[in-house]
Amino acid sequence: MAPPGKRHRAQSTKIQVIKRRLAKFQAKYLTTDFAKRLVFDPSLLWVSAILLLVGELFVNVLVIQRIPYTEIDWIAYMQEVEGVVNGTWDYSKLKGDTGPLVYPAGFVYLFTILYYLTNYGKNIRLAQYIFCGIYLITLALVFRIYSKSRKIPPYMLIFICCTSYRVHSIYVLRLFNDPVAIMFLFCSINLFMEGYWTLGSVFYSFAVSIKMNILLFAPALLLAYIASQGIYGTLKQLTICAGLQIVLGAPFLLANPLAYLIGSFNLGRVFLFEWTVNWRFLPEEIFIHPGFHITLLLLHVVLLAIFAKPWFRYMKSFAKLQPTGVGIVSQLFLLPLFTANLIGVAFSRSLHYQFYVWYFHTLPYLLWSTPYSIWLRLCILGFIEMCWNTFPSTYASSAILHVCHFLIICGIFWRRHPTKDLKIDIKKDK
């Protein structure tokens, strides 16, 4: 047994070590400077992300418990997959209250699982909690993208989480299929960022099989394939994407191939004017006119062509720098991908309210890729949110939405060349 004096000195030494560590912790973290970094420093975004994810769990539970569920498409989804459960594989015979089934095979399989989990679609409350889980997983995937890319300040996560009633409603009060497709999309983007191209292609193709709007990212993704994988590698990835679609759709293709292809990948589908968010200021006869649809398609293609050259330069730089493992390099990959989707949204023949999730989580990134002041960026974000929360849409809300899209696209075009700031940040990360 050690003498009392020796024990006392050992205890005193331990206390001094603890005090020094506490003093060091206080000097490093309990300061005004560190508090500011938590709000403004993109490298510390993960701290805010964890706190907001926990907060969002409680917010969504509160929304589910306190705000009444609104039935729009859930029953129709269940009726459509019930036809498959009963042995019908002919797509032309799969229908619900809202009309024929218009989504690819991945939708059928995934919502069949939900059909059984929710007691044949009757347990709405359980379905809401499942979609709450989808919402939180999507947020976690988005936060990971933002944390690695170090593009936006942490305080912008508040705008992603806390400012959109419409997005919370789409996920846990309406139970649309759009959020499910978006979850798999962001999963694929995370995989692409880490260099898992084959697995990323599988998740991307599965997202497409749930809802076709995911193809809006395809032009930029094709350039990413070519820049990073070469021609042979690109053919391999495209084969994976197409092969998965064939495998998933095989039972329906064998039963009635034409009905499946027309029903699930119908590019000529006509939307109802009463639900449009973006073209309310047009007369209905123009809105439904094929000439208007062709004009939008041509403008879409032209704008993609204008951006193709800088996008390919970005992707080649990303392919070259990705092996360094520096997270900020992912900016070179993300901007073309998100911009391609925004262009697709801007020139859509019609946007319905649930389509907001197609690009909502990418808006802060896109706005922080423009040369505008912080206040103008926040104003644009606020106006977009206002437009999507205006029901029914008005001439003004539709026009303002187009102005906001135009400003973002123009801002990104002005800064389409890699900046010196990005090169400096890459050196710092190294």
Side-chain angles (χ1 to χ4, degrees), residues 56-86 88 91 93-139 164-184 209-213 263-264 266 269-278 280 348 350-358 360 385 387-393 397:
E56 276 291 330
L57 172 61
F58 290 102
V59 168
N60 277 273
V61 170
L62 193 64
V63 169
I64 292 169
Q65 293 294 331
R66 296 292 181 89
I67 301 178
Y69 162 79
T70 303
E71 171 54 40
I72 297 179
D73 281 341
W74 173 258
I75 291 176
Y77 293 164
M78 295 298 102
Q79 290 169 338
E80 289 161 359
V81 301
E82 193 171 41
V84 176
V85 171
N86 292 332
T88 303
Y91 240 60
K93 297 178 181 178
L94 297 173
K95 295 178 174 64
D97 286 344
T98 58
L101 175 57
V102 294
Y103 307 116
F107 163 86
V108 175
Y109 300 132
L110 198 142
F111 274 79
T112 298
I113 294 172
L114 294 177
Y115 173 82
Y116 284 114
L117 287 176
T118 59
N119 189 26
Y120 314 122
K122 297 173 185 175
N123 192 339
I124 301 295
R125 183 54 54 87
L126 177 57
Q128 287 181 280
Y129 279 109
I130 292 172
F131 272 77
C132 172
I134 291 170
Y135 175 79
L136 293 174
I137 292 170
T138 303
L139 268 190
S164 182
Y165 169 79
R166 176 66 64 189
V167 169
H168 285 87
S169 172
I170 291 168
Y171 275 85
V172 298
L173 297 179
R174 304 293 190 271
L175 310 182
F176 289 113
N177 63 332
D178 304 77
V180 186
I182 292 298
M183 179 184 70
F184 283 99
S209 77
I210 296 170
K211 192 153 188 181
M212 197 172 53
N213 70 282
S264 59
N266 185 2
R269 183 181 171 196
V270 178
F271 294 96
L272 295 175
F273 183 66
E274 64 179 298
W275 293 111
T276 187
V277 175
N278 57 331
R280 180 65 62 189
S348 291
S350 186
L351 294 174
H352 293 180
Y353 287 94
Q354 65 269 31
F355 297 177
Y356 192 17
V357 298
W358 290 7
F360 170 77
E385 179 69 20
C387 294
W388 284 97
N389 279 287
T390 302
F391 178 80
S393 60
S397 68

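These numbers come from a predicted model, not from an experiment. As a basis for the values below, the full set of heavy atoms in this structure was taken, side chains included, without hydrogen atoms, waters or symmetry mates.
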Is it the case that the side chain of [X] and the backbone of [Y] share a donor-acceptor pair, with hydrogens and angles ignored and the cut-off at 3.5 Å?
X	Y	answer
Tyr135	Leu57	no
Glu56	Leu136	no
Ser393	Thr276	yes

Tell me, do [X] and [Y] make a side-chain contact under 4.5 Å, heavy atoms counted?
X	Y	result
Pro100	Leu94	no
Tyr171	Met183	no
Tyr69	Trp74	yes
Leu110	Phe184	yes
Tyr129	Val61	yes
Phe107	Glu80	yes
Arg280	Phe273	yes
Leu114	Phe111	yes

Trp388 and Tyr356 aromatic ring geometry - parallel, tilted or perpendicular at 30°/60° bounds: parallel

Parallel, tilted or perpendicular, as decided by the 30° and 60° cut-offs, for the rings of Trp358 and Phe355: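 Parallel, since the angle between the ring planes stays under 30°.
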
Glu82 and Tyr120 side chains, donor-acceptor separation under 3.5 Å: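 The criterion, which ignores hydrogens and geometry beyond distance, is not satisfied for Glu82 and Tyr120.
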
Any donor-acceptor N or O pair under 3.5 Å, side chains Tyr77, Asn177: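 The answer is yes; a qualifying pair exists.
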
Point-to-point distance, once rounded to the nearest 0.5 Å, from CD1 of Ile124 to CG of Leu173: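 Result: 12.0 Å between the selected atoms.
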
Distance (rounded to the nearest 0.5 Å) between Ile137 CD1 and Ile182 CD1: 14.5 Å

Minimum heavy-atom distance between Ile72 and Thr98, given as atom pair plus value: O-CG2, 4.0 Å

